[in-house]
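In each ligand, atom 1 is the first atom listed, and ligand 1 is the first ligand listed. All values below were derived from every heavy atom in this structure, side-chain atoms included, with hydrogens, water molecules and symmetry-related copies excluded.
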Amino acid sequence: MTTAQKTLRSVVLGVGCYLPSRCVSNADMEKMVDTSDDWIVQRTGITQRYIAAEGETTSMLGLNAAKAALENAGVAASDIDLIIVATSTPDYTFPAVATQIQAGLGLQTGVAFDLQAVCSGFVFAVATADKFLISGSHKRALVIGAETFSRLLDWEDRTTCVLFGDGAGAMVLEAQEGEGTAQDRGVLTSHLRSDGRHRAKLYVDGGPSTTQTTGHLRMIGKEVYRHAVGMVTDVMLDAFKATGTSAQTLDWFVPHQANRRIIDSSAEKLGIAPEKVVTTVDRHGNTSAASIPLALCVAVADGRIQKGQLVMIEAMGGGFTWGSALIRW
Ligand code: UT7
C-alpha cells in the first residue's frame with residue numbers, strides 16, 4: 001500500500017516593512033532640479049518618496065522590515081533558517097546585507113545571502129526561497145527587499161533622480177503540506193526571465209571591477225518603458241497557464257512600483273480590474289527590490305489582502321530581468 005505524496009508549499013505567514021522618516025515631495029524636488037510636480041505626476045504617478053538619513057543603511061532598513069514581518073507572522077527569529085535579501089544597494093561590496101541582518105536578529109544558525117536582480121529582486125528572491133522550502137531543505141524563510149537607491153542617484157540628472165526612493169519590506173514563508181492544487185495556500189508558481197542584451201538601457205556606471213567607485217544609475221527611460229508591459233504580461237500569462245487560473249480569478253495584483261502608467265497598462269492588457277491593483281508608487285516612488293514587499297505590507301495592513309486570496313506579484317528591471325510569482329495568501 002502506498003501513502004499519498006503531499007506537496008510542500010511555501011506559505012506566507014506575515015509581512016512587514018520600513019520606510020525612512022524623511023519624506024521628499026515633488027515640491028522639494030522642484031528646488032533641486034529643473035522639474036515640476038505636474039511632469040512627475042503625469043509621467044509616473046509619483047507625488048513623494050522617502051530618503052534614508054545620513055548613516056542609515058540598507059541593512060538597517062532591512063532589519064527593521066524583518067522584525068516587523070516576524071512580529072506580523074508571530075514567528076521568533078530563532079525559527080528562521082533561511083534569509084534572502086534582494087538588493088542592488090548593499091552597505092558594502094561584501095559581506096552580504098543578509099548576513100548583517102542575520103546578526104542583527106541575533107541568529108547564528110541557518111543560511112543568509114543576497115540576491116541581485118535589481119527591480120525584479122524580490123520576485124527572484126521569493127522564487128529562490130520557494131525552491132529551498134519545497135525541496136524540504138529549509139523550513140522557514142525571511143525574504144527581504146531592501147534598498148537605498150538614493151545613494152546611487154545622480155542628483156543633477158532630472159531624468160532619473162525624481163523616480164526613486166528608499167525603503168524595505170519583508171515576508172516570512174514557511175514550508176507546509178498542500179494538496180498540489182491551485183487551491184493550496186502558498187507560492188503556486190513562479191516564472192523568471194532575463195536577457196543581458198539590454199544592459200545599457202538601465203545600469204550603474206561604476207563598480208569594484210570597473211571604476212572602483214559606486215557609480216550612478218543611468219537609464220534610457222523610454223527604452224525600458226517600451227519593453228516593460230510586454231515582458232511582465234508574458235510572465236503573468238505563464239503563471240496563469242501553469243496554474244489554470246486567470247486574471248478574472250485574481251484577487252490582487254501587486255506589481256513592481258516603477259511607474260503608474262506601466263502598472264495600469266499591464267493590468268489593462270490582461271483584463272485585471274482596476275480595483276484589484278495595489279498601487280503605492282505615488283507615495284513611495286520606485287524603491288526597486290523593496291517596492292513589492294512595501295506594497296504587500298500596505299495592502300495587508302489596510303485589510304485588503306486576506307488569507308486564501310490569490311495574489312500576483314511581478315517585476316521588471318535592470319539586466320533586463322523580469323518575473324512573476326502567483327501566491328495564494
Ligand atoms: O524599475 C525599473 C524599471 N524602470 C522603469 O520602469 C522606468 C520606465 N520608464 C519610464 O517610466 C518613463 O520613460 C520615464 C518616466 C522615465 C520618462 O517618461 P517619458 O514619457 O518616457 O519621457 P522622456 O524620457 O521621453 O522625456 C520627455 C521629456 C524630455 O524633454 P524633451 O526632450 O521632449 O524636450 C525630457 O528632457 O521630458 C523631459 N524630462 C523632464 N522634464 C521635467 C525628463 N525628465 C524630466 C523631469 N522633469 N524630471
Open item on the list: Could you go through D81 and K139, starting from their C-alpha distance and side-chain angles, then the distance that decides it, and tell me whether this counts as salt bridge (Lys or Arg N to Asp or Glu O under 4.0 Å)?
Closed with: CA-CA 7 Å; D81 55 5; K139 179 75 182 152; over 6 Å; no
Task: K31 and D28: CA distance, side-chain angles, deciding distance, salt bridge (Lys or Arg N to Asp or Glu O under 4.0 Å) verdict - done: CA-CA 5 Å; K31 292 177 202 138; D28 297 326; 3.7 Å; yes
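Among protein heavy atoms, atom 28 (C) of ligand 1 sits closest to W39 NE1, 4.2 Å. Among all protein heavy atoms, the one lying closest to atom 20 (O) of ligand 1 is R43 NH1, 2.8 Å. At the shortest separation from atom 36 (O) of ligand 1 among protein heavy atoms lies R158 NH2, 3.0 Å. The nearest heavy-atom contact from the protein to atom 47 (N) of ligand 1 is T35 OG1, 2.7 Å. Nearest protein heavy-atom neighbour of atom 9 (N) of ligand 1: G221 O, 3.0 Å. The protein heavy-atom contact nearest to atom 15 (C) of ligand 1 is T44 CG2, 3.5 Å. From the protein, the heavy atom lying nearest to atom 1 (O) of ligand 1 is N286 ND2, 2.7 Å. When hydrogens are left out, the protein atom nearest atom 5 (C) of ligand 1 is V224 CG1, 3.7 Å; that is the closest non-hydrogen contact.
Within ligand 1, counting atoms from 1 as listed, the ones closer than 4.0 Å to a heavy atom of V162 are 48 (N). Within ligand 1, counting atoms from 1 as listed, the ones closer than 4.0 Å to a heavy atom of A258 are 1 (O), 5 (C), 6 (O). Numbered from 1 in the order shown, with element, the atoms of ligand 1 that lie under 4.0 Å from a heavy atom of C119 read 1 (O), 2 (C).
Closer than 4.0 Å to atom 31 (P) of ligand 1 lies none of the heavy atoms of the protein. Note that atom 34 (O) of ligand 1 has no protein non-hydrogen atoms nearby, at separations under 4.0 angstrom. Using a 4.0 Å threshold on non-hydrogen atoms, atom 22 (O) of ligand 1 counts as touching the protein.
Going from atom CG of L326 over to atom CE of M312 covers 5.0 Å, rounded to the nearest 0.5 Å. Within the model, atoms OG1 of T35 and CD1 of I40 stand 3.5 Å from one another, a figure rounded to the nearest 0.5 Å.
In this structure, V143 is not a member of the same hydrophobic cluster as L105, with clusters built from ILVMFWY side-chain heavy atoms closer than 4.5 Å. With hydrophobic clusters built from ILVMFWY side chains whose heavy atoms lie under 4.5 angstrom apart, I263 shares a cluster with L163.
Side-chain atoms of K276 come within 3.5 Å of backbone N or O of Q248 as a donor-acceptor pair.
Residue M219 places a heavy atom under 4.0 Å from ligand 1. Judged by the shortest distance from any of its heavy atoms, L163 lies inside the 4.0 Å radius around the atoms of ligand 1.
Counted by atom type alone, H191 and S324 present zero donor-acceptor pairs between their side chains at under 3.5 Å. Looking only at atom types and distance, the side chain of T87 has a donor-acceptor partner in the side chain of E147 under 3.5 Å away.
Shown are V97, I83, T99, L82; of these, the side chain to side chain contact (heavy atoms under 4.5 Å, CB included) with F113 is made only by L82.
Considering backbone and side-chain atoms alike, N259 places an N or O below 3.5 Å from some N or O of ligand 1.
The existence of a salt bridge linking K241 and D238 is excluded, since no basic side-chain nitrogen approaches an acidic carboxylate oxygen closer than 4.0 Å. In summary, R304 and D251 do not engage in a salt bridge, as defined by a charged side-chain N under 4.0 Å from a carboxylate O.
Under 4.0 angstrom from ligand 1, the non-hydrogen atoms of L202 all belong to its side chain. Only the side chain of I262 comes within 4.0 Å of ligand 1, judged by heavy-atom distances. Both the backbone and the side chain of T159 come within 4.0 Å of ligand 1, counting heavy atoms alone.
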